[in-house]
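Below is one structure; the comments refer to it alone.
Only a predicted model underlies this, so the values are computations on that prediction, with no experimental measurement involved. Reminder, nothing fancy here: chain letters follow the sequence lines and each chain counts from 1.
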Amino acid sequence: MTETRFDPSVADGRWQRAWEQAGTFTADSDSPKPKSYILEMFPYPSGRIHMGHVRNYTMGDVLARYQKMRGFEVLHPMGWDAFGMPAENAAMEKGVHPGGWTRQNIAQMKAQLQRIGFALDWTREFATCDPEYYGHEQALFADLYEAGLVYRKESTVNWDPVDMTVLANEQVIDGKGWRSGAEVEKRKLNQWFLKITDFADDLLEGLGKLEDWPEKVRLMQENWIGKSQGLEFSFDMSDGGKLPVYSTRPDTIFGASFCAIAADHPIAQGLAGDPAVAAFIDQCKKGATTAAALETAEKLGYRTPITARHPFTGEALPVFIANFVLMEYGTGAVMGVPGHDQRDFEFATKYELPILRVVASDPAKADEPFKGEAEAGDGVIVNSDFLNGMSVEDAKQAVITRAESEGWGEGRTVWRLRDWGVSRQRYWGTPIPFIHCDACGVVPVPKDQLPVTLPEDVSFDIPGNPLERHPTWKHVDCPKCGKPARRETDTLDTFVDSSWYFLRFASQPADRPFDPEEVAKWMPVQHYIGGIEHAILHLLYARFWTRALAHIGKITVQEPFAALFTQGMVTHETYSRIDATRGVPVFFGPEDVNRTSDGATLIADGQPVEVGRVIKMSKSKKNVVDPDAIIARHGADAVRWFMLSDSPPERDLPWSDAGIEGCARFVQRLWRLFAACDAAAEGEDKSLDRKTHQTIAAVASDIEALGFNKAVARIYELTGAVEKAAPSASRSAAIRALVHLAAPMMPHLAEEAWSAMGEGLIADAPWPAVDPALLVDDEVTIAIQHMGKLRDTVTAPKGASKEDLEALAMASANLQRSLDGAAVRKVIVVPDRLVNIVT
RNA sequence: GCGGGCGUGGCGGAAUGGUAGACGCCGGGGACUUAAAAUCCCCUGAGCUUUGCUCGUGCGGGUUCGAGUCCCGCCGCCCGUACCA
């Protein structure tokens with residue numbers, strides 16, 4: 001090692017090839033070692049790796065390499081979430097086949113990932129668009145159908161009449177298709193559903209045990225599942241009919257002063273012959289649906305001629321059609337209790353309905369007036385006949401019991417969670433393996449005929465589903481009766497593909513989706529890392545599929561991901577100017593801007609540009625930095641180091657040129673230190689030994705806690721200490737330790753250094769052992785305080801007695817000056833830490 | 001509205017109730033060099049009457065010998081969201 005510079009353009013490739021040839025990161029499921037499954041959310045093959053991917057995979061990579069050094073057999077796989085709309089859009093726009101487009105993107109992105117030197121087991125790579133993968137998925141889907149967890153039902157969908165396809169709710173913007181801009185229609189279609197609601201309680205309960213998941217994600221899932229318990233009962237109406245309502249607050253039933261039904265409630269529809277009613281229903285439908293708009297939306301109602309009879313008081317309550325009642329939730333009708341529900345309060349105020357108090361902080365305050373808003377809090381029941389004096393909880397139960405015994409209502413649990421509609425009228429997805437026969441109905445494709453593969457000869461010249469209009473593909477004979485029948489032309493939601501891919505990574509036999517015993521060896525995933533945007537859908541669906549597969553006896557694990565980590569985004573400054581003629585900002589990319597410490601100018605004309613906020617990298621703001629260009633310039637290790645430095649991993653990471661240059665400098669600095677290591681140096685440097693061992697221990701615990709930024713800081717500190725130390729055996733040992741500590745983060749540099757000082761690959765080396773005796777210092781710095789203010793510091797032997805420390809403190813001239821002869825009232829001594837004198 | 005998170009130097013950020021600002025970036029000064037790059041050394045929260053002292057972790061209170069950290073009440077920003085009965 002005579003070169004003075006580390007050259008990543010040579011070394012990166014050399015070690016990447018060495019790992020590949022040695023199969024260093026190929027996971028052996030038969031290994032006797034304990035197993036560790038590290039997984040990052042697999043990417044959609046859009047064509048380019050972006051900085052967000054680099055950050056995500058670097059974190060997982062550090063964990064994988066670290067775990068390997070700790071003696072685990074590590075599974076760290078990578079694959080491609082390869083079905084989806086962008087491929088079809090590309091087909092429509094560029095005339096390419098979705099499959100070809102996707103394959104080409106995968107090849108590009110794989111090469112990019114390999115240039116970063118990730119410790120991935122590429123032997124297990126697959127794409128969800130591989131017929132082998134989706135064929136197994138079809139088999140699992142059929143198994144779930146057999147188990148009664150898949151069904152068909154007619155449901156209302158968002159239909160884009162221009163693109164001739166169903167749109168997800170997220171794809172409808174202001175009532176128009178996101179792509180075509182056409183007014184979206186509601187259509188009834190027969191759709192495939194997965195019975196996720198069967199597992200609602202289990203999915204909710206399971207959240208409580210996911211201690212290593214972010215609280216935030218657990219709460220989001222809890223809200224999404226949305227369990228509520230209450231009473232469903234029916235009012236007898238003045239027209240002789242019944243009005244079923246649902247309430248989570250049956251304890252407040254004596255406070256009900258009206259009923260309200262949704263605009264699309266059958267009763268409202270029945271009254272729509274009246275033009276005034278029809279007009280009101282129309283008005284309700286037009287209301288905006290964004291959260292912000294709903295917040296300020298006025299409560300509107302239409303008083304129908306119908307009244308409802310209160311089950312206890314017999315009073316006739318007016319029935320309104322109201323814009324704030326949703327048909328989709330509960331029974332689409334509510335009892336209005338203005339005193340204890342804010343919406344009902346606003347409504348009652350507007351329409352001058354009675355606002356009754358039935359809950360009070362104290363029985364004596366039963367007639368306390370309301371202060372302009374409803375009181376939804378806890379308290380004691382008042383003005384409520386047989387409920388008076390009860391707590392809210394007891395009263396709820398009492399009303400439910402009474403309703404059930406008298407037969408006019410019953411306790412009911414209502415969920416917000418709906419069954420998962422998985423039908424998509426698209427080409428680039430997993431074909432749903434069913435056949436429609438006029439005689440036999442819906443018939444599953446026999447397993448020995450799977451996979452049902454996508455036809456290659458399709459065109460995207462006209463909108464709609466190419467499978468539907470393919471000349472031959474859908475025409476098959478019924479597997480049961482042999483008569484001509486039709487294939488299902490819907491494909492599965494791509495979220496199905498990502499709901500079990502982690503099982504296929506763990507085990508990939510040819511004849512089955514996976515082997516349960518192999519799966520049991522690796523699952524659950526020990527660390528799952530990805531973006532917060534998947535907090536609900538993907539993570540909930542994956543939890544559901546794992547449970548569903550366990551339910552039908554395919555696997556034993558219930559929860560797929562033991563620990564979840566959601567990493568922050570990579571952000572960057574924006575550079576812009578206001579376009580004089582149009583008055584809108586025009587953005588410039590970082591490569592077109594010259595950034596100095598006090599501003600930025602456009603390289604093209606030398607004139608200043610506005611330096612804007614640091615925000616997520618996006619094409620429209622032109623603040624994207626391409627990883628490839630950075631790696632070509634600074635090498636993989638500098639980029640990896642940057643991804644781990646400074647920002648805590650859960651927070652956003654601001655990209656900066658100065659930052660990456662600093663990282664590249666540090667790579668060289670370490671290189672010089674490694675290259676100058678004198679293995680023959682002799683002599684002991686006890687304090688450096690301590691620093692080394694303390695750093696090894698600290699970096700280990702930081703990595704285990706995913707505190708990569710702290711681990712980085714420790715490595716900087718030890719580097720500085722080693723640089724300052726005189727040559728000794730201790731110093732040489734410290735350098736060897738540093739190579740190990742750097743290995744998970746800067747693997748190419750570490751291998752290059754290790755090749756000159758050790759045996760084999762450092763990727764295979766064990767994590768350095770720590771001598772516990774060296775973790776504690778024999779001298780400590782004691783803070784000397786007067787009334788909690790620092791006055792002096794002194795060094796003392798570790799474990800010195802309280803008396804000795806007090807004496808040391810009293811001997812301080814600085815302290816004595818501060819005391820100024822005042823009488824000492826109290827002395828606080830914290831051993832090995834501080835002495836505080838109280839006067 | 002509700003739920004969650006965050007608020008510390010010029011910037012990213014450290015800190016089991018115990019020396020606030022580790023580590024990095026930026027900036028300043030110096031060394032080496034004919035010069036530059038690279039590298040190395042020093043300084044870098046504010047202020048003051050500078051052996052030291054005062055102030056300082058969004059604001060106002062409180063608990064404590066001692067609070068960035070705990071408690072109460074506010075303010076601001078970010079993210080999520082369902083008028084869910």
According to a strict under-4.0 Å criterion, is [X] in side-chain N/O contact with OP1 or OP2 of [N]?
X: Asn709(A); N: A14(B); value: yes
X: Arg672(A); N: A38(B); value: no
X: Ser645(A); N: C23(B); value: no
X: Arg651(A); N: G13(B); value: yes
X: Arg665(A); N: C25(B); value: yes
X: Lys227(A); N: C84(B); value: no

| Out of Arg672(A), Gln668(A), Arg669(A), which one pairs with Phe6(A) under the side chain to side chain contact (heavy atoms under 4.5 Å, CB included) rule? |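 Testing each of Arg672(A), Gln668(A), Arg669(A) against Phe6(A), the sole residue satisfying side chain to side chain contact (heavy atoms under 4.5 Å, CB included) is Gln668(A).
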
From [options], nucleotide with atom closest to [X] side chain:
X: Arg817(A); options: A22(B), A85(B), U51(B); value: U51(B)
X: Met220(A); options: G80(B), C65(B), C53(B); value: G80(B)
X: Arg416(A); options: C84(B), G4(B), G24(B); value: C84(B)
X: Phe324(A); options: C65(B), C23(B), C83(B); value: C83(B)
X: Pro654(A); options: C84(B), A14(B), G12(B); value: G12(B)

For atom [atom1] of [X] and atom [atom2] of [N], their distance in whole Å:
X: Lys789(A); N: U54(B); atom1: NZ; atom2: P; value: 5 Å
X: Met787(A); N: G18(B); atom1: CE; atom2: C1'; value: 16 Å
X: Leu653(A); N: G13(B); atom1: CG; atom2: P; value: 9 Å
X: Arg833(A); N: U16(B); atom1: CZ; atom2: P; value: 9 Å
X: Ile615(A); N: C78(B); atom1: CD1; atom2: P; value: 13 Å
X: Phe345(A); N: A85(B); atom1: CZ; atom2: P; value: 19 Å
X: Arg343(A); N: C84(B); atom1: CZ; atom2: P; value: 4 Å
X: Lys724(A); N: C23(B); atom1: NZ; atom2: P; value: 9 Å

Does [N] have a Watson-Crick or wobble mate here (both distances under 3.5 Å), and if so which one?
N: U16(B); result: none
N: G7(B); result: C75(B)
N: A46(B); result: U54(B)
N: G1(B); result: U81(B)
N: C40(B); result: G30(B)

With a 4.0 Å cut-off on heavy atoms, is [X] in touch with a base, just the backbone sugar-phosphate, or nothing at all?
X: Tyr716(A); answer: sugar-phosphate
X: Asp341(A); answer: nothing
X: Ile828(A); answer: base
X: Gln785(A); answer: base
X: Val414(A); answer: nothing
X: Val838(A); answer: sugar-phosphate
X: Thr781(A); answer: base

| Met746(A) side chain near Phe666(A) side chain, heavy-atom distance below 4.5 Å |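 Heavy-atom side-chain distance check passes, below 4.5 Å.
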
| query | Without hydrogens or angle criteria, can the side chains of Tyr716(A) and Ser645(A) be said to hold a donor-acceptor pair below 3.5 Å? | reply |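 The criterion, which ignores hydrogens and geometry beyond distance, is not satisfied for Ser645(A) and Tyr716(A).
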
| message | So for Lys710(A) and C23(B), does any side-chain atom that can act as donor or acceptor lie under 3.5 Å from a complementary atom in the base? | response |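 Between C23(B) and Lys710(A), which were checked side chain against base, a qualifying N/O pair under 3.5 Å is absent.
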
Lys/Arg-Asp/Glu bridge criterion (N-O < 4.0 Å) met for [X], [Y]:
X: Glu393(A); Y: Lys396(A); result: yes
X: Arg218(A); Y: Glu215(A); result: yes
X: Glu573(A); Y: Arg595(A); result: yes

| Comparing Arg791(A) and Lys216(A) on RNA chain B - which has the more 5′ nearest nucleotide |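 Taking each residue's closest nucleotide, the earlier one in sequence belongs to Arg791(A).
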
| request: Return the 5'-most residue of the pair Ile837(A), Pro648(A) with respect to RNA chain B, ranking by each residue's nearest nucleotide. | output: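 Its nearest nucleotide being more 5', the pick is Pro648(A).
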
| message | Using 30° and 60° as the class boundaries, would you call the ring planes of Trp655(A) and Phe642(A) parallel, tilted or perpendicular? | response |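 Aromatic pair Trp655(A)/Phe642(A) classed tilted.
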
| query | Does Trp224(A) have Arg416(A) sitting over its ring (NZ/CZ under 6.0 Å from centre, angle to axis within 45°)? | reply |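 Yes, a cation-pi geometry holds between Arg416(A) and Trp224(A).
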
